[in-house]
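Naming convention: chains lettered A, B, ... in sequence-line order (proteins, then strands); numbering from 1 in each chain. Just so it is clear, the structure is predicted and the values come from calculations on it, not from any experiment.
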Protein chains: 2
Amino acid sequence: MQLGRPDVPRPTLSAREKARRLLEQALGPSKVVTGEDACATFARDESEAEGVTPDAVVLAESADDILAALRVAREAEVPITPRAGGTGRTGGAVPVAGGIVLSTSGMKSIKELDRRDGVAVVEPGVVLADLHAAVEAEGWFYPPDPNSLADCCLGGNVAENAGGPRALKYGVTRDWVLGMDAFLIGGQRIRAGRRTTKGVTGYDVAGLLVGSEGTLAVFGDITLGLMPKPEQVMTLMVLFDSVRAASTAVETAISGGLLPRCIEFLDGMTLDAMRRAGNAIDARAGAMLLVEFDGDEHACERDAERFGGVADSAGALEVLVAQDAGLRARLWSARREMSRAVRKLTKFKLSEDVVVPRRSIGALLDHVTLLGEREKVRHLTYGHGGDGNLHVNFLWDDAEEMPAVSRAIEGLFHEVVRLGGTLSGEHGIGVLKAPYLPLEQAPELIELERDLKRVFDPQNLLNPGKIFPAGAHRAC
Amino acid sequence: MQLGRPDVPRPTLSAREKARRLLEQALGPSKVVTGEDACATFARDESEAEGVTPDAVVLAESADDILAALRVAREAEVPITPRAGGTGRTGGAVPVAGGIVLSTSGMKSIKELDRRDGVAVVEPGVVLADLHAAVEAEGWFYPPDPNSLADCCLGGNVAENAGGPRALKYGVTRDWVLGMDAFLIGGQRIRAGRRTTKGVTGYDVAGLLVGSEGTLAVFGDITLGLMPKPEQVMTLMVLFDSVRAASTAVETAISGGLLPRCIEFLDGMTLDAMRRAGNAIDARAGAMLLVEFDGDEHACERDAERFGGVADSAGALEVLVAQDAGLRARLWSARREMSRAVRKLTKFKLSEDVVVPRRSIGALLDHVTLLGEREKVRHLTYGHGGDGNLHVNFLWDDAEEMPAVSRAIEGLFHEVVRLGGTLSGEHGIGVLKAPYLPLEQAPELIELERDLKRVFDPQNLLNPGKIFPAGAHRAC
């Protein structure tokens, strides 16, 4: 999808040449990519957003490299777009006007894993799955688990405030970030936050940077809190004939005092996609929940039994308890691959990442069905049911259907806001959702956020064109 | 303790008269207190800070009253200091230059308690204990529990990012605040945050406001997340002969995978104070831990047994398991009253609220002993041992000892920072710790925080003199 950001013009030819020259002087040619083809791969991430091929890509290996790139961007007055794993879903790492892409994916060191205090210090290019493995080998646990965990990096996780299934019980990335080295446009270094679990000294600058989508600062070392690893995990797969029955079970279980670590939800169309991908699923099933409890063995068994009872009362077709690691792994791999599997079913896809209060899941799904019928657009929905965080996917094969898809998306966002929800639970606003920000936020709040952006980046050079809708009258 | 804030001058007589006149016009005389004696009680909070008697106190009953007061403050150009329960420990609610005090303690409505979604919406004057009672009656749970819970209000809890014993397992106030109505100087209303548990739309403005100590905005309705109420609670009291043995037990338990909801720590001098207050405590004991587990009965019993084993290995003198509510209540009431009980032992007291990494608790306590000996100042320490969040109290009776106390405090802060800790875990910086901010934070970070303050309050009228050290060359 081509991006139109008239408020972020491409730098002039002389500015681009100056940036390349200064980068090569500061970093040496081995860390600066300038070839057209090589740069072109950095114009995209895992979203549908098509950026503008950057003029140079910096492959940072250290904090000094990041600082040098940020200095050059300001000196040459070219935009600079930070990027870690490039697995984002809203175009957060996509350069909208060329300039510099600053890749930190080569900075992969887990610099500390403190066995006594339960603290990890990681570079921004550490892959989440690698962190999980290292931490769990020590008996500790880092809960956030976005489904891209095999590829996504901590720098991006922090920039987007990534979530994942376990957020239901353990919160999102921001709940685990204690502090970080943050590098500002122009090349200034700030140490924000702390190393201790508690701390209220000054404003929560570290918290403000989490989820700021690379528009305020670039991260160096990130300090994360850890918790003791839960002893046992038990997974349930529950099938229902309808999404209404499944959402009733979710609400009844949680308001009755059960707190699983995840409740993943998959609707009937998603189950069809799974069947087409070769998974054997009861033909009567129109919804699935994947529920996971952790704790000691006794608590897991008791909670699983209670959840099974709630599911039965809500009309479950089948409750499967997966105790062995092999079955658990198979269930999760189908869920984790869902986003990529769906892409194979269709030429075009947009996956929205909305959140509604738990009680409104059923109402939202009804509305999605209505929108699909009205606009004649295929759709499927899955996501983190316990949080009310649903990934509503619209699918189409012919570019001419795009206007209908846009109407369906806008209808979805209107309904989400009407139900007291929010446009993004864990993917961020990026560039794809920026036009819709005013649906949720009042002009006064957006203006305040623009003012905060100006404190960090008065010239709007750091990841411009993200979060805020295009507005030619304002600098960012 | 007299406050010296040369950077925040008292308003002129004509500005003060203008403010009073405009307030009475906007709010009517019943909501505006102007008598000298009545105003004088609003010059103090529960800290040692002595403020300047305000010229007028607004007793707000609604959002409109708050907005009116904020409009008048800007129009008359007088400082305005928000205040809820007035139980703060660093002078956050103390007016340093007179002007207006804006009290929201009359706004006591729990406006929503959503039994299905697990969300509460409260006005800023709701007392925390009242919220706990209302929420728990519905089977839900709001974890933050500062020891002043019988008197402190949610508005102040959010402004200071209050903690409490249960923060060890459940985090601090900011982990439970979803969103709020925020009112800015001049009378602008912002709706920040959300109602859903997840959400990453735009910058985390709500998160930035939590812990901003009333310097960025005044809160109206606050939306809080809740969790299901844990079924059972089990409390252990463990006595040790030394603080080293107690801190070894804390570290061993947590790094071995135990996660109690609280581990309160009390040193030998604190136990002496408790003995003098009439509590019978084994004369050999030089440290106490008060440990609490929650969950199902089986998990509580098993965890308590495991903790008991760890404590025995660390050389515990006695492990007492409190299963009945009466004994639990007695144990906690002694702990919760500690701060006020200590005040009775001494003419002057300063309680610091430092945090160090868990492994450094013993090292910090040794240093406190050293400082006490060197400066000949009495001291006692208690606090949230599991978090490394210790309340180090210095006690003295003669005003002439103050320079020695100041040296001890500065020595304490230096050691805390050296050990990788932070100056405040839950009380905030307020006015009492503002001079010490540069010990922990670099000039670049403080400058950035001042810039954030200017976005919200360019004239430095909203709670001036807090957080930032006095600096005549800067506006705030």
Selection from [options] maximising heavy-atom pairs under 4.5 Å formed with chain B:
options                        : answer
A:G139, A:G163, A:A192, A:G257 : A:G257
A:K466, A:E440, A:E160         : A:E440
A:R191, A:H298, A:Q188         : A:H298

Under a 4.0 Å N-O cut-off, is there an ion pair linking [X] with [Y]?
X      : Y      : value
A:R195 : A:E112 : yes
A:E352 : A:K433 : yes
B:D114 : A:R359 : yes
A:E447 : A:K453 : no

Which heavy atom of A:A182 sits nearest to which heavy atom of A:A217, and what is that distance? CB-CB, 4.0 Å

For A:E231, does the CD atom sit with more than 12 other heavy atoms under 6.0 Å from it, leaving out its own atoms? yes

Please classify the contact of [X] with chain B as side chain, backbone, both or neither, using a heavy-atom distance under 4.5 Å.
X      : answer
A:F141 : neither
A:Q441 : side chain
A:A442 : neither
A:N161 : both
A:V355 : both
A:V356 : backbone
A:I467 : side chain

Please tell me whether A:S360 and A:R418 have a donor and an acceptor in their side chains that are separated by less than 3.5 angstrom. no

State whether a side-chain donor-acceptor pair under 3.5 Å links B:E426 with B:H384. yes

Highest number of heavy-atom pairs under 4.5 Å with chain A: which of [options]?
options                        : answer
B:D204, B:I254, B:I446         : B:D204
B:G256, B:G118, B:G199, B:S255 : B:G199
B:R302, B:E138, B:H427         : B:R302
B:L423, B:L216, B:V354, B:L226 : B:L216
B:R189, B:M227, B:E251, B:R194 : B:E251
B:T201, B:V119, B:T252, B:N389 : B:T201

Main-chain N/O of [Y] paired to [X] side chain as donor or acceptor, under 3.5 Å:
X      : Y      : answer
A:D175 : A:Y170 : no
A:D457 : A:L462 : yes
B:R115 : B:L113 : yes

State the [atom1]-[atom2] distance between [X] and [Y], to the nearest 0.5 angstrom.
X      : Y      : atom1 : atom2 : value
A:D353 : A:L432 : CG    : CG    : 11.5 Å
B:Y203 : A:I429 : OH    : CD1   : 11.5 Å
B:E449 : B:F468 : CD    : CZ    : 5.5 Å

Residues of residues 207-215 of chain A under 4.5 Å from chain B (heavy atom pairs)? A:G207, A:L208, A:G211, A:S212, A:E213, A:T215

Below 4.5 Å from any heavy atom of chain A, which atoms of [X] appear? Answer side chain, backbone, both or neither.
X      : result
B:D387 : both
B:R116 : both
B:L445 : both
B:R358 : both

Residue pair A:D294, A:K169: steps toward the salt bridge (Lys or Arg N to Asp or Glu O under 4.0 Å) verdict: CA-CA 10 Å; A:D294 65 9; A:K169 185 168 179 180; 2.8 Å; yes

Do A:D181 and A:I190 come close enough that some side-chain heavy atom pair is under 4.5 Å? no

